[in-house]
2 protein chains.
Amino acid sequence: MTLGEPPPRSPRNRPTMREVAALAGVAIKTVSRVVNEVPTVDPAIAARVRDAADKLGYRPNLTASSLRRGDGRTATIGMLVEDSANPFSAALTRTVENVARERGVLVLVGSLDEDPARERELARALIDRRVDGLVIVPAGRDHSYLISEQRSGTCMVFVDREPSLLDADTVVSDNRRGALTAVNHLLKAGHRRIAYLGDRATIPTAAQRFDGYRHALEVAHIEYDDEIVRHTGASEESAIAATERLLALPNPPTALFTSQNFVTIGAVRALRALGLQDTVAHLGFDDFPLADLLSPGISVIAQDVEQLGRTAAEMLFHRLDGDQSPTRTVTIATRLIERGSGEIASGGSSEITSGGSGEITSGGSG
Amino acid sequence: MTLGEPPPRSPRNRPTMREVAALAGVAIKTVSRVVNEVPTVDPAIAARVRDAADKLGYRPNLTASSLRRGDGRTATIGMLVEDSANPFSAALTRTVENVARERGVLVLVGSLDEDPARERELARALIDRRVDGLVIVPAGRDHSYLISEQRSGTCMVFVDREPSLLDADTVVSDNRRGALTAVNHLLKAGHRRIAYLGDRATIPTAAQRFDGYRHALEVAHIEYDDEIVRHTGASEESAIAATERLLALPNPPTALFTSQNFVTIGAVRALRALGLQDTVAHLGFDDFPLADLLSPGISVIAQDVEQLGRTAAEMLFHRLDGDQSPTRTVTIATRLIERGSGEIASGGSSEITSGGSGEITSGGSG
DNA sequence: TCCCGTCGAGTCAACGTTGTCTCAGCGTCG
DNA sequence: CGACGCTGAGACAACGTTGACTCGACGGGA
């Protein structure tokens with residue numbers, strides 16, 4: 001087996017400061033000064049250096065720079081989300097990206113798919129690249145593996161779900177109060193038999209929303225009924241099946257509260273398949289595109305994703321700027337958006353409001 | 001003005017190989033070998049080193065490593081999309097991320113918002129961080145600024161739109177054929193007056209789709225009528241306005257072909273506002289979530305986003321593996337998905353198909 | 001027994017950049 | 001007219017790591 005020449009793989013012959021310096025006839029350090037816009041360089045020399053740099057197509061090497069620099073900053077942050085393709089994660093990422101861009105910082109994105117192992121793996125991969133900070137929508141329930149990173153000076157902010165076994169800044173939606181508002185809204189429309197459909201109860205946000213549901217019933221002196229509560233996973237299919245089974249009960253619910261996006265959409269599909277979309281009231285947690293275009297429009301408790309993302313990013317950058325204050329948890333209010341499905345009165349008589357999207361703020365605390 | 005102590009900003013006191021080496025009582029190089037799993041290390045020593053590393057919470061510094069290493073790889077690629085929050089970009093990003101993950105590569109994401117200046121700026125920012133390669137959904141019409149980067153060994157693949165003034169690998173949807181299929185489908189339902197609503201004609205994909213529209217009419221011997229063609233921007237608002245104006249014409253179209261996502265949704269809104277959603281046929285380019293839940297369901301020409309992303313990522317990694325073959329342009333087929341709105345017959349009589357989503361492949365070439 | 005090959009660990013320099021220090025030149029002031 | 005301060009440029013080392021090389025120990029064959 002003759003070994004051919006090693007694959008010619010491009011030699012990565014990128015010009016360096018050394019070459020720019022040689023061409024401009026100055027010392028490397030002078031090129032460094034020009035590149036970093038240090039003002040104590042003779043304008044004529046600076047111009048010569050810039051010409052040389054342009055001629056060679058020189059681009060500074062930020063990895064080398066960050067290695068040498070005192071602060072070791074890479075002007076890069078890491079963002080771990082559930083799935084960068086889903087609307088919630090995508091919107092969150094975009095908001096963080098916007099804040100980061102104002103500071104010349106880029107964002108490394110990773111999707112966790114609810115896998116705690118992947119969370120650890122990707123967090124490590126980001127840390128190995130020496131990101132300046134992390135924004136994490138966690139998948140796992142044990143973040144102690146980040147303690148040493150935190151001590152080593154990596155800033156991190158958790159979003160949407162609180163960290164466990166770790167003290168870190170956090171930004172969450174007011175899930176409990178949002179769910180409470182949702183159920184109260186259905187109660188106000190006269191419903192007494194309100195089903196709960198949500199994600200697995202092990203997921204903290206799902207648990208909090210479920211808690212809000214139970215609390216609302218309790219306050220209204222309605223007995224909790226296990227039979228109309230389903231913790232399906234976050235998939236349309238299981239939500240469809242669960243909804244169908246619920247509505248086939250001898251004593252079916254007259255209203256549904258679905259506490260997660262895909263569950264909401266599954267329920268919508270099931271209701272339509274059964275022709276019950278104008279009979280059974282339905283309120284979902286989390287807004288989704290085109291919810292207003294369906295008929296009836298789907299009433300939801302909307303999270304303020306923009307606010308979540310912006311707050312998280314700003315907290316992170318404050319820390320990077322040296323903020324040493326104790327960690328905080330910021331709770332972002334949710335908003336009830338009435339679109340029709342949540343205003344169907346008990347008894348099945350449709351009682352759709354004016355059609356606008358009346359918006360009622362609920363929850364929220366510093 | 002007394003200068004207080006400089007902000008305490010965490011000293012970034014991350015343990016290095018030096019400290020691990022000291023604790024394990026070996027040379028730095030040995031630590032390097034253990035970290036890189038070089039097999040010629042005595043297992044007992046390797047274990048001691050790993051213990052020391054764990055004890056200190058040591059994590060290798062990939063930026064330093066990539067600086068020193070021969071290939072200079074950072075195990076990071078850059079991805080520039082239109083807007084990481086929109087479903088097309090998000091799905092594309094996710095697919096690329098998946099392929100990258102198989103190789104331990106992370107993805108830096110940037111949104112361009114159709115701004116060519118931002119494209120250049122972010123491309124440079126990525127290159128300055130020495131990403132191994134770039135996946136670009138370009139916003140600009142002049143990519144000559146990347147020629148020198150290409151020569152310096154940065155691999156790049158364009159997606160969705162072809163590069164200009166630059167020779168690079170490209171993956172695109174078969175926009176022209178997709179549009180042709182769309183219009184033919186409307187013609188088959190008996191329409192002779194088919195309006196075109198699309199993004200600005202300066203955007204290459206929009207131009208190609210418009211071209212397909214014109215070509216289909218030409219083949220069908222239908223005279224082109226400027227009056228029912230609108231190049232609105234990619235915003236719902238302008239699409240709504242344009243649709244309303246179209247349908248208020250003395251001789252309004254009986255069918256709409258909308259060649260972009262937001263335009264499609266704008267048209268849907270306008271048709272519903274006018275109560276014409278079951279009268280005027282409507283076919284959109286680009287699928288969107290819940291299109292099947294509307295009534296009527298919105299028929300679309302769907303792009304195979306997964307295939308676009310996967311192909312682009314694989315081409316990029318092939319290049320990174322040393323592929324030196326001439327650049328290629330791969331065209332991905334689109335698919336007609338019938339959901340009702342596109343099957344409304346001319347004359348306004350609704351003629352909705354069985355409800356399933358019949359899917360017909362169109363276009364496609366190597 | 002001696003030489004040489006092998007194997008495993010260590011030394012040294014370098015990747016591209018920047019912080020620190022030095023130094024030449026020049027203008028100014030006593 | 002000389003000392004001194006200031007300004008702007010260069011020399012040098014170092015960031016954390018790895019490639020190339022060195023070196024000592026050990027084992028086997030002559």
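Keep in mind that this is a model prediction, so the values were computed, not measured. Order of the sequence lines sets the chain letters (A, B, ...), proteins ahead of strands, with each chain counted from 1.
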* Would you kindly give the CZ-to-C1' distance between A:Arg73 and D:dC15, to the nearest whole Å? => 16 Å
* Structure fact -> Between B:Gly25 and B:Arg68, whichever has its closest DNA chain C nucleotide further toward 5' is B:Gly25
* Asked: Does A:Arg33 get its side chain close enough to the base of D:dG10, under 3.5 Å, for a donor-acceptor pair?
  -> yes
* To do: Would you mind reporting whether A:Leu56 and A:Leu23 have side-chain heavy atoms less than 4.5 Å apart?
  => yes
* To do: Side chain of B:Leu67 only, please: which of C:dG16, C:dT18, D:dT18 is the nearest?
  => C:dG16
* To do: Take the C1' atoms of the five end pairs on each side of the helix from C:dT1-D:dA30 to C:dG30-D:dC1, get both axes, and report the angle to 10 degrees.
  => 60°
* Spatial distance of atom CD1 (A:Ile203) from atom CG (A:Asp160) [nearest 0.5 Å] -> 10.0 Å
* Asked: Does the D:dG19 base have a donor-acceptor partner in the side chain of B:Lys29 within less than 3.5 Å?
  -> yes
* **Atom pair CG (B:Leu146) and CD1 (B:Ile136), whose distance is rounded to the nearest 0.5 Å** => 5.0 Å
* Is the number of heavy atoms from other residues, nucleotides or ligands under 6.0 Å of B:Arg18 CZ greater than 12? -> no
* Tell me which nucleotide among C:dT18, C:dG10, D:dT18 gets nearest to the side chain of A:Ser65. => C:dT18
* State plainly whether the residues A:Glu149 and B:Arg59 are in salt-bridge range, i.e. N to O under 4.0 Å. => no
* Asked: Across the strands shown, which category fits A:Val35 at heavy-atom distances under 4.0 angstrom: base, sugar-phosphate, nothing?
  -> nothing
* Asked: If you check the B:Asn61 side chain, which of D:dC15, D:dT17, C:dG10 turns out closest?
  -> D:dT17
